Trainee: 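Please find one structure pasted underneath; my questions will follow.
Because only heavy atoms are used, hydrogens play no part in the values below, and waters and symmetry mates are left out as well, while side chains stay in. All values derive from a computational prediction rather than experimental measurement.
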Amino acid sequence: MTDSPLIIDVAGTTLTADDRRRLQHPLVGGCIYFSRNFESRAQITALSAEIRALRPDLLIAVDHEGGRVQRFRTDGFTVLPSMRALGALWQSGGDGPQRALNAAAALGQVLAAELRACGIGFSFAPVLDLDHADAAAGEAPASRSAVIGNRSFHRDPAVVAALARAVMHGLRDAGMAHCGKHFPGHGFAAADSHVAVPVDPRGLEDLLADDVAPYDWLSASLAAVMPAHVVYPAVDARPAGFSRRWLQEVLRGRLGFTGAVISDDLSMEGARHLEGRLLTPAQAALQALQAGCDLALLCNQSLEGGAVLDEFLDAMAQARARGELAPSPEREARRRALLPRGEALGWDALMADAGYRHARALLPATV
């Protein structure tokens with residue numbers, strides 16, 4: 001069995017001939033949606049059906065966490081609260097923790113059920129990064145990770161793990177797998193990896209006791225993990241997503257994680273700086289896969305004719321032909337384990353479903 005380790009995007013609200021050709025490339029195993037791909041529920045449902053007819057085995061995914069990272073917000077989609085809203089509910093006193101856990105499970109259920117009703121099988125959630133606020137003690141607020149902010153549940157790793165587990169339970173109830181991100185933790189580093197290389201100076205033991213702890217406690221439950229485009233120089237000079245030490249020795253070896261590892265977006269310029277040089281997307285994908293990622297994610301390259309995306313696919317095919325990207329049945333099995341399970345309710349049936357309606361009523365106010 002060969003493998004299809006690449007996740008790419010499509011240009012618009014319907015498939016072009018170029019989209020169809022790229023999605024049928026043997027190395028492509030997934031498609032990621034963005035807000036530009038959404039015009040209406042009927043349209044995104046039709047787009048998903050067209051992709052599934054083309055490639056029934058393709059993972060159709062979206063970055064849809066809640067809060068400020070939610071691609072679809074209109075035409076009936078629930079505007080989901082941020083992860084911080086669940087953490088605030090936990091902190092509200094009395095039975096706050098229990099209500100927060102119930103609301104977290106409800107959020108996962110609503111998120112997954114609405115996406116699956118539109119043919120979308122996977123979301124990159126939940127965020128496991130800690131809310132470090134002012135980061136290192138005594139430093140100015142500018143040291144806080146604005147990239148994460150209210151995407152984080154809480155500062156306490158035990159609270160993060162508990163709420164994430166509940167979200168994961170809700171996602172699974174609706175037949176959707178989950179992805180914890182950004183391993184080993186992005187909440188402390190201030191820079192935005194879209195444009196720079198974030199650095200976290202802490203040592204391995206400090207990280208294991210704090211930011212890595214949710215991954216340890218959830219290692220038997222998580223279906224997938226996304227590594228951070230962050231350098232931890234006290235551990236490895238390479239960003240985590242290109243680091244065998246982080247992915248093989250720590251995540252797989254020390255924590256015992258057996259699920260899929262999915263790179264963060266390799267189109268980010270900050271993500272492709274490695275050992276003093278700027279890698280091409282194909283070079284970055286190869287480095288990520290060789291370090292231990294199972295899937296390499298490249299976003300927003302189908303636009304303006306998609307020349308970069310075509311060059312990427314051609315270069316990856318050449319790398320396979322040269323033996324630099326050997327087929328991996330294990331990698332493919334992990335990808336296929338992320339495909340949705342069970343029959344999904346259509347939108348009208350979902351709106352009438354008592355369990356869905358109850359879950360939606362449990363959601364806290366958006367923050």
Trainee: Between K181 and D63, does any NZ, NE, NH1 or NH2 come within less than 4.0 Å of an OD or OE carboxylate oxygen?
Mentor: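 Salt bridge flag = yes for K181 with D63.
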Trainee: I want to check something: taking the side chain as every heavy atom from C-beta on, are L86 and H154 in contact at a cut-off of under 4.5 Å?
Mentor: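 Answer no - side chains too far apart.
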Trainee: Provide the closest heavy-atom pair for R202 versus H132 in the form atom of the first, atom of the second, distance.
Mentor: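 What the structure gives for the nearest pair is NH1-CE1, 3.7 Å.
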Trainee: Would you say that L163 contacts M83 through its side chain, given a criterion of any heavy-atom pair below 4.5 Å between the two side chains?
Mentor: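 No, side chains not in contact.
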Trainee: Which residues satisfy the side chain to side chain contact (heavy atoms under 4.5 Å, CB included) test with A158, sequence neighbours excluded?
Mentor: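 Residues passing side chain to side chain contact (heavy atoms under 4.5 Å, CB included) with A158: D156, W217.
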Trainee: If every non-hydrogen atom of L58 is compared with every non-hydrogen atom of V28, which pair is closest and at what distance?
Mentor: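 Taking every non-hydrogen atom into account, CD1-O, 3.7 Å.
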Trainee: Would you please test F183 and L255 for side-chain contact (heavy atoms from CB on, under 4.5 Å) and show each step?
Mentor: CA-CA 12 Å; F183 176 82; L255 304 187; 4.0 Å; yes
Trainee: Given R320 and D3, is the salt bridge (charged side-chain N to carboxylate O under 4.0 Å, His left out) satisfied, shown in steps?
Mentor: CA-CA 11 Å; R320 171 144 293 180; D3 61 333; 2.5 Å; yes
Trainee: Side-chain contact, heavy-atom cut-off 4.5 Å: S4 with R335?
Mentor: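 Answer yes - side chains close enough.
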Trainee: Considering only heavy atoms from C-beta outward, does the side chain of I7 approach that of C31 to under 4.5 Å?
Mentor: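 SC-SC contact between I7 and C31 ruled out.
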Trainee: State the CE-CG distance between M268 and N300, to the nearest 0.5 angstrom.
Mentor: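 The distance works out to 9.5 Å.
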Trainee: Can a donor-acceptor pair be found between the side chains of D9 and S302 at a distance below 3.5 Å?
Mentor: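 Indeed, the side chains of D9 and S302 share at least one donor-acceptor pair under 3.5 Å.
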Trainee: Indicate yes or no: at least one non-hydrogen side-chain atom of I51 is less than 4.5 angstrom from one of L23.
Mentor: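 Yes, side chains in contact.
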Trainee: Please report the shortest heavy-atom distance between L363 and A103, naming the atom on each side.
Mentor: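 It is CD2-O, 4.0 Å.
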Trainee: Ignoring hydrogens and angles, state whether a donor on the side chain of T2 or E332 is under 3.5 Å from an acceptor on the partner side chain.
Mentor: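 No pair is found: no donor N or O on one side chain lies under 3.5 Å from an acceptor on the other.
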Trainee: Is any side-chain N of the basic residue among D216 and R254 closer than 4.0 Å to the acidic one's carboxylate O?
Mentor: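 The answer is no: the pair does not qualify as a salt bridge.
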Trainee: Under the side-chain contact (heavy atoms from CB on, under 4.5 Å) criterion, do S243 and E249 qualify, and how do the steps go?
Mentor: CA-CA 9 Å; S243 167; E249 295 180 24; over 6 Å; no
Trainee: Quick one: closest heavy-atom pair of M176 and S123, and the distance?
Mentor: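 The answer is SD-N, 3.7 Å.
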Trainee: So, R244 and D236, do they make that salt bridge, N to O below 4.0 Å?
Mentor: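 Judged by the 4.0 Å cut-off on N to carboxylate O distance, R244 and D236 do not form a salt bridge.
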Trainee: Which heavy atom in P126 sits nearest to a heavy atom in H178, and how many Å separate them?
Mentor: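 Scanning both residues completely, I find the closest heavy atoms to be CD-CB, 4.2 Å.
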Trainee: Does either side chain, that of S221 or that of R165, offer a donor lying less than 3.5 Å from an acceptor on the other one?
Mentor: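 Looking only at side-chain atoms, R165 and S221 do form a donor-acceptor pair, the distance falling under 3.5 Å.
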Trainee: For A174, which residues count as a side chain to side chain contact (heavy atoms under 4.5 Å, CB included) partner, sequence neighbours excluded?
Mentor: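 Partners of A174 by the side chain to side chain contact (heavy atoms under 4.5 Å, CB included) criterion, ordered by chain and then number, come out as A112, A113.
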Trainee: Keeping to residues at least two apart or across chains, list the ring pair (Phe, Tyr, Trp, His ring centres under 6.0 Å) pairs with something in residues 333-359.
Mentor: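 Residue pairs passing ring pair (Phe, Tyr, Trp, His ring centres under 6.0 Å), neighbours aside: F77-W347.
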Trainee: Could you check whether any side-chain heavy atom of M168 comes within less than 4.5 Å of a side-chain heavy atom of L218, counting everything from C-beta outward?
Mentor: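 Yes, at least one pair of side-chain atoms sits under 4.5 Å.
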Trainee: Can you check whether F242 reaches C293 side chain to side chain, under 4.5 Å on heavy atoms?
Mentor: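 SC-SC contact between F242 and C293 ruled out.
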Trainee: Quick one: does I32's side chain get under 4.5 Å of I8's, heavy atoms only?
Mentor: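 Side chain of I32 against side chain of I8, heavy atoms only: no contact under 4.5 Å found.
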Trainee: Whether the D18 and T16 side chains hold a donor-acceptor pair (N or O, under 3.5 Å, no angle test) is what I'd like checked.
Mentor: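 Not at all, the side chains of D18 and T16 share no donor-acceptor pair under 3.5 Å.
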Trainee: Checking R238 now: which residues fulfil salt bridge (charged side-chain N to carboxylate O under 4.0 Å, His left out) with it, not counting sequence neighbours?
Mentor: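 Scan of R238 (salt bridge (charged side-chain N to carboxylate O under 4.0 Å, His left out), adjacent residues dropped) gives E275.
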Trainee: For the residue pair H169 / Q109, report whether a side-chain donor-acceptor contact shorter than 3.5 Å exists.
Mentor: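 Looking only at side-chain atoms, H169 and Q109 do not form any donor-acceptor pair under 3.5 Å.
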Trainee: Salt bridge check: are R151 and E65 linked by an N-O gap of less than 4.0 Å?
Mentor: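 Answer for the salt bridge query: yes.
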Trainee: Test L204 against V250 for side-chain contact (heavy atoms from CB on, under 4.5 Å), laying out the working first.
Mentor: CA-CA 10 Å; L204 180 59; V250 179; 4.3 Å; yes
Trainee: Show your working on side-chain contact (heavy atoms from CB on, under 4.5 Å) between V10 and N37 and close with a plain yes or no.
Mentor: CA-CA 8 Å; V10 294; N37 301 120; 3.7 Å; yes
Trainee: Does E343 pair with R116 as a salt bridge, N-O distance under 4.0 Å?
Mentor: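 Salt bridge absent between E343 and R116.
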Trainee: Listed by chain and number, what are the side chain to side chain contact (heavy atoms under 4.5 Å, CB included) partners of A240, not counting sequence neighbours?
Mentor: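 Expected list: P184, P227, Y232, W246.
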Trainee: Taking 4.0 angstrom as the limit, do R155 and D210 come out as a salt bridge?
Mentor: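 Yes, this pair counts.
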Trainee: Sequence neighbours excluded, which residues qualify as side chain to side chain contact (heavy atoms under 4.5 Å, CB included) partners of A260?
Mentor: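 With sequence neighbours excluded, A260 shows a side chain to side chain contact (heavy atoms under 4.5 Å, CB included) to A224, D294, R334, L338, given in chain and number order.
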Trainee: Heavy atoms only: give me the nearest R71-S35 pair and the separation to one decimal.
Mentor: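 Looks like O-OG, 3.3 Å.
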Trainee: So does R357 have more than 12 non-hydrogen atoms from other groups sitting under 6.0 Å from CZ?
Mentor: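 Check fails, neighbour count at 12 or below.
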